[in-house]
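Note on naming: letters A, B, ... go to the chains in the order of the sequence lines (proteins, then strands), and numbering restarts at 1 for each one.
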Amino acid sequence: MQPFTMLVIEQIKAIPAGKVMTYGGIAAAAGSPRAARQVVRILHSMSGKYQLPWHRVVNAKGEIALMDDESRFMQQSLLKDEGVEFIRDGRIDLSVYGM
DNA sequence: GCCATGGCTAGTA
DNA sequence: GCCATGGCTAGTA
């Protein structure tokens with residue numbers, strides 16, 4: 001496992017319940033601001049193995065990025081259970097979370 | 001080659 | 001809606 005990958009995994013694991021981070025934000029925190037897509041890949045392929053709170057990651061607009069209906073519903077439910085509030089229809093006001 | 005991005009245009013209203 | 005971007009895992013040889 002490469003250093004950057006490890007940093008990204010740590011960042012994701014460090015997101016507390018009830019908070020969210022963006023793909024780009026995580027990439028930046030791991031020292032590589034333009035590597036948002038790589039964060040996507042890591043979530044996609046290592047969420048299960050490393051027990052990542054994958055549902056706490058959203059895109060830069062505060063939207064759930066998943067394409068699959070079932071998965072996005074799941075993500076929304078998990079976030080709501082943690083107290084994350086959605087504005088009209090599936091968006092999160094990122095300014096509430098300091099972004 | 002993959003990927004669940006992001007940011008900036010063109011083009012419509 | 002388009003396309004430049006980044007870092008590398010999964011899987012074959």
Side-chain angles (χ1 to χ4, degrees):
Chain A
M1 161 128 48
Q2 301 305 295
F4 178 77
T5 304
M6 192 131 57
L7 289 173
V8 168
I9 288 173
E10 283 170 12
Q11 287 298 328
I12 296 169
K13 292 187 87 159
I15 307 171
K19 296 202 77 179
V20 295
M21 269 198 200
T22 63
Y23 297 91
I26 292 166
S32 191
R34 307 220 191 107
R37 300 211 68 147
Q38 185 62 9
V39 173
V40 169
R41 256 200 81 267
I42 290 166
L43 276 171
H44 191 78
S45 59
M46 311 202 215
S47 278
K49 196 170 185 176
Y50 294 92
Q51 309 242 328
L52 305 181
W54 58 271
H55 61 282
R56 308 213 258 254
V57 187
V58 297
N59 72 19
K61 300 174 196 159
E63 299 165 340
I64 287 174
L66 286 164
M67 313 308 274
D68 175 49
D69 285 343
E70 204 173 335
S71 309
R72 46 188 302 119
F73 178 79
M74 168 69 47
Q75 181 170 5
Q76 218 182 56
S77 308
L78 288 168
L79 287 174
K80 280 180 177 169
D81 288 347
E82 294 180 352
V84 173
E85 298 211 356
F86 286 81
I87 337 175
R88 47 143 199 278
D89 225 47
R91 277 201 49 195
I92 295 168
D93 182 5
L94 289 180
S95 66
V96 171
Y97 301 92
M99 311 183 82

Stems where DNA chain B pairs, listed by first number, each of three or more Watson-Crick or G-U pairs under 3.5 Å:
B:1-3 with C:6-8, B:5-8 with C:1-4

Are A/Met21 and A/Leu94 co-members of a hydrophobic cluster defined by side-chain heavy atoms under 4.5 Å apart?
yes

Contact list for residues 47-57 of chain A, test salt bridge (charged side-chain N to carboxylate O under 4.0 Å, His left out), sequence neighbours left out
A/Arg56-A/Glu82

Applying the 4.5 Å side-chain criterion to the ILVMFWY set and letting contacts propagate, would A/Val58 and A/Met74 be lumped into a single cluster?
yes

Distance-only check: which donor-acceptor pairs under 3.5 Å involve side-chain atoms of residues 59-67 of chain A, not counting sequence neighbours?
{"from": "A/Asn59", "atom 1": "OD1", "to": "A/Lys61", "atom 2": "N", "distance (Å)": "2.9"}
{"from": "A/Asn59", "atom 1": "OD1", "to": "A/Gly62", "atom 2": "N", "distance (Å)": "3.2"}
{"from": "A/Asn59", "atom 1": "OD1", "to": "A/Glu63", "atom 2": "N", "distance (Å)": "3.0"}
{"from": "A/Asn59", "atom 1": "ND2", "to": "A/Glu63", "atom 2": "OE1", "distance (Å)": "3.2"}

Using the P atom as the point on both nucleotides, what is the distance between B/dC3 and C/dT12, in whole Å?
15 Å

Summary of salt bridge (charged side-chain N to carboxylate O under 4.0 Å, His left out) pairs that have at least one residue in residues 27-47 of chain A, sequence neighbours excluded
none

Please say whether the positively charged group of A/Lys80, taken as NZ for Lys or CZ for Arg, lies over the ring of A/Phe86, i.e. under 6.0 angstrom from the six-membered ring centre and within 45 degrees of the axis.
yes

Validation row: A/Gln75, A/Trp54 side chains within 4.5 angstrom (heavy atoms):
yes

Rounding to an integer number of Å, can you tell me how far A/Leu94 CG sits from B/dG6 C1'?
13 Å

Holding to side-chain contact (heavy atoms from CB on, under 4.5 Å), I want the full list of residues that pass it with A/Asp81, two or more places apart in sequence or in another chain.
none

Side chain of A/Glu85, backbone of A/Asp93: donor and acceptor closer than 3.5 Å?
no

With side chain to side chain contact (heavy atoms under 4.5 Å, CB included) as the test, pick out the partner of A/His55 among A/Leu43, A/Leu78, A/Val20, A/Ile15.
A/Leu78

Strand contacts (DNA chain B) in residues 60-74 of chain A, 4.0 angstrom heavy-atom criterion
A/Ala60, A/Ala65, A/Leu66

Could you go through the side-chain contact (heavy atoms from CB on, under 4.5 Å) check for A/Val8 and A/Gln11 one step at a time?
CA-CA 5 Å; A/Val8 168; A/Gln11 287 298 328; 5.6 Å; no

Output, in order, the C-alpha distance, side-chain angles, deciding distance and verdict of side-chain contact (heavy atoms from CB on, under 4.5 Å) for A/Leu79 and A/Ile92.
CA-CA 10 Å; A/Leu79 287 174; A/Ile92 295 168; 4.0 Å; yes

Of all residues at least two apart in sequence or in a different chain, which pass the side-chain contact (heavy atoms from CB on, under 4.5 Å) check with A/Ala35?
A/Phe4, A/Ala27, A/Ser32, A/Gln38

Residues within residues 21-50 of chain A bordering DNA chain C, heavy-atom distance below 4.0 Å:
A/Ser32, A/Arg34, A/Ala35, A/Arg37, A/Gln38, A/Arg41, A/Ser45, A/Met46

Pairs under 3.5 Å (N/O, protein and nucleotides 8-12 of chain B):
none

When the C1' atoms of C/dT9 and B/dG6 are considered, how many whole Å apart are they?
23 Å

Using heavy atoms and a sub-4.0 Å distance, could you list which residues of residues 3-15 of chain A are near DNA chain B? By number, please.
none

Results of side-chain contact (heavy atoms from CB on, under 4.5 Å) for A/Asp69 - residues two or more places apart only:
A/Arg72

Sequence-distant partners of A/Thr5, side-chain contact (heavy atoms from CB on, under 4.5 Å), two or more places apart
A/Met1, A/Gln2, A/Ile9, A/Ile42, A/Met46

